Amino acid sequence: MNIFVVNAGSSSIKCELINTKNKKKLSKFSVERLNSETPILKFEGKETILQGKGIEKAFPEAIEHWKSKVHEKIEVIAHRVVHGGETFFEPTIINEEVKKKISEISVLAPLHNPVNLKGIEITEQIFQNIPQVAVFDTGFHSTIPRRARLYAIPKNLTEKHHIRKYGFHGISHQYVAQKAADFLETSIKNLRLITCHLGNGCSVTAVEYGCSVETSTGMTPLEGLVMGTRSGDIDFGAAAFLAQKENLTISEMEKLLNQESGLKGLSGIGNDMRDILKAAQEGNEDARMAIQVFSHRIKKYIGAYAAIMGGVDAIIFTGGIGENSPEIRHRVCQRLDFLGAIINEDINRDNNPTPQNPVLLFSEPHSRVKLLSIFTDEQMSIALQAHELIIKNLQINKQKTIPIAVSARHIHLTQETVEALFGKDYQLTELRPLSQPGQFAAKETLTLIGPRNKIEKVRILGPCRNFNQVEISRTDEFFLGIDAPVRESGKVANSPGITLQGPMGTVTLHEGVICAWRHIHMHPDDALEFGVEDRDLVSVEVHSGEKSLTFNNVLIRVSEQFKLEMHIDTDEANAAEINQGFTGELFLTNADATLIKRK
Ligand code: ADP
């Protein structure tokens, strides 16, 4: 499929025509200094001054110039759209309604979304009747949990104005995280990664088992790391004080922190890291300090994100600085031994990733945490995501409905734990079979004892497994006083513990409490029919009576043992107004669901 990718920024536009089948780049061009009197078209090694200024004039002119030289067929046009707000998390086919929503979200990204929208309208006019797809830079961060995305301000204001962390550079973070998993020859769903995107804009993301769970940019791209011209984190008190002392308006302050700060402000040289590194080498103290503040901030976030994920398997550097500056990588990675990350200084100093060799491993062989520098390719990522959307949209069978079962809190135990709680050689006894073949609700129940409260008569499900796991809902978490992560069953590493009380003893688990990730069990035959694979994430529309509700990020679990069924917990059932009737361990409801999108 030939996809024309448009990456329109506030001062430049990058376009590439990519064949997504063989991942070949067929042609590219860019327009720089878009808003100056003389925008420049860069194409096939030549620079041409464009007549028109701004995206409205310069972009159509550039496309016409390109079209007169390149005659490849375009099948789909894919746009990077910076902000998807609380509406768009996944690549989306553009129609009038979608354009209207992107425009409404412009209040959250006034410098970016209007330009992106203009780009969409221009290509729509020039290439009529070619499907267009939007890929959102905030999309990858949709999985950041509430505890990480909320700011501690009055709740009514948060809700009224949609104030929260959205996170940016998601296309790049997602792309390099997947590249790292491919390089390490394992599924991204087995890895805890920290990705550092260090370009003109900079951010760090914690990618836990394939999902973004924290990122350093916030409601706007201003928060977090020191960037080319952005300050990153700053005490609002300091900003308010400065505004008062200098008599600056809010928009002047925004301009100061977004355009005059960061590396540019600290060094007094400019925003280009190459110039700052050179000046530092020549003895410029301000340049040296800029590099130190920049590197320190990245290291601080790496430590924080390792703590949040309870460990890290690989740290990845990307973007112009992350790919090209051994010095910055060295400054960030030195003395990370305590984390298990040991840099190989020689490899780091002498190498950088390239388009031909896009992954550089620069940790010691015995380093438990791998250090990688990966060549990012946002345009390729956008093209591949758009390709996947078009193909999967054709494939997903939207007709077949999926029965929904509500899973109440329950416990899985090892035989050893059963014996500690019920006595030596004790075997669980079956109360009734569950809908998933071979599984049963046991007669035995336990008391869960949390730091704050206890819950009695929690059902054990059999047969025994080779790990202990307690699955509870958000409401249970608060009642018990436990902060459990949302995980797929079996992923209990670094989850909190709990005390189990049985008739013959008490066992304190050091880990094992999770809030189960809503999921769909299916047999391989169903997976084939739905066009999905094990551990895919999908969106699902749940129908219950009159009401229908969309659940995003629903995990697909495929096994020969499974029967088609969606499992949600009691809180989610309440949200979808699915009438429970009674509270069993896992009970079927009258509601059903349809698969509407694959991530
Ligand atoms: P953008 O975020 O605009 O896509 P890039 O990812 O291209 O930007 O990164 C631009 C940054 O990368 C600039 O600050 C530039 O100085 C820096 N950079 C590029 N090459 C080098 C290098 N060899 N050493 C240090 N920094 C570099």
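It should be emphasised that the depicted structure is a prediction, and the values quoted were computed from it without experimental measurement. Computed from heavy atoms alone, side chains included, the values below leave out hydrogens, waters and symmetry copies. Counting convention: from 1, in listed order, for ligands and their atoms alike.
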What about His197: any of its N or O atoms under 3.5 Å from an N or O on ligand 1? no
Before signing off on this row, confirm whether Glu378 and ligand 1 have an N or O atom pair separated by under 3.5 Å. no
Looking just at side-chain N and O atoms, do Glu223 and Tyr151 make a donor-acceptor pair shorter than 3.5 Å? yes
Closest to atom 20 (N) of ligand 1 (heavy atoms only, candidates Thr318, Asn352, Asn324, Ile328) is Asn324
Gly199 neighbourhood, listing ligand 1 atoms whose heavy-atom distance to it stays under 4.0 Å: 2 (O), 5 (P), 6 (O), 8 (O), 9 (O), 10 (C), 11 (C)
When distances are taken from atom 4 (O) of ligand 1, the protein heavy atom at minimum range is Lys14 NZ, 3.9 Å
Hey, do the aromatic rings of His83 and Tyr166 have their centres closer than 6.0 Å? yes
Please confirm whether Gly228 comes under 4.0 Å of ligand 1, counting heavy atoms of the residue only. no
Any donor-acceptor pair under 3.5 Å linking the side-chain atoms of His197 with those of Ser203? no
Protein contact to atom 26 (N) of ligand 1 [nearest heavy atom, distance to 0.1 Å]: Met273 CB, 3.6 Å
State yes or no: are the ring centers of Phe127 and Phe4 separated by less than 6.0 Å? yes
Give the atom numbers and elements of ligand 1 that come within less than 4.0 Å of a heavy atom of Asn271. 14 (O)
What atoms of ligand 1 come closer than 4.0 angstrom to any heavy atom of Ser325? 24 (N), 25 (C)
Which of the numbered atoms in ligand 1 are under 4.0 angstrom from any heavy atom belonging to Leu277? 25 (C)
Look at atom 15 (C) of ligand 1 and say which protein heavy atom is nearest, naming residue and atom and giving the distance to 0.1 Å. Asp272 OD1, 3.5 Å
Please identify which atoms of ligand 1 are closer than 4.0 Å to at least one heavy atom of Gly201. 2 (O)
Check each atom of ligand 1 against the heavy atoms of Gly319 and keep those under 4.0 Å away; list them by number with element. 6 (O)
Check this for me: does any side-chain nitrogen of one of Lys42 and Glu32 sit under 4.0 Å from a carboxylate oxygen of the other? yes
Using only heavy-atom distances, determine whether the side chains of Thr143 and Asn553 contain a donor-acceptor pair under 3.5 Å. no
Sequence neighbours excluded, the answer for ring-ring contact (aromatic ring centres under 6.0 Å, His included) partners of Tyr175 is none
Between the side chains of Thr215 and Thr205, does any donor sit under 3.5 Å from an acceptor? yes
Going by distance only, is there an N or O of Leu198 that falls short of 3.5 Å from an N or O of ligand 1? no
Distance-only polar pair, side chains of Thr318 and Glu323, donor-acceptor under 3.5 Å: yes
Counting non-hydrogen protein atoms only, what is the nearest one to atom 17 (C) of ligand 1? Give residue, atom name and distance. Ile321 CG1, 3.5 Å
From the candidates Gly320, Ser12, Gly322, Pro326, the one that places a heavy atom nearest atom 7 (O) of ligand 1: Gly320
With a 4.0 Å cut-off on N to O distance, would you call Glu97 and Lys101 a salt bridge? yes
Lys/Arg-Asp/Glu bridge criterion (N-O < 4.0 Å) met for Glu282, Lys278: yes
Nearest neighbour in protein (non-hydrogen) for atom 10 (C) of ligand 1: Asn200 N, 3.8 Å
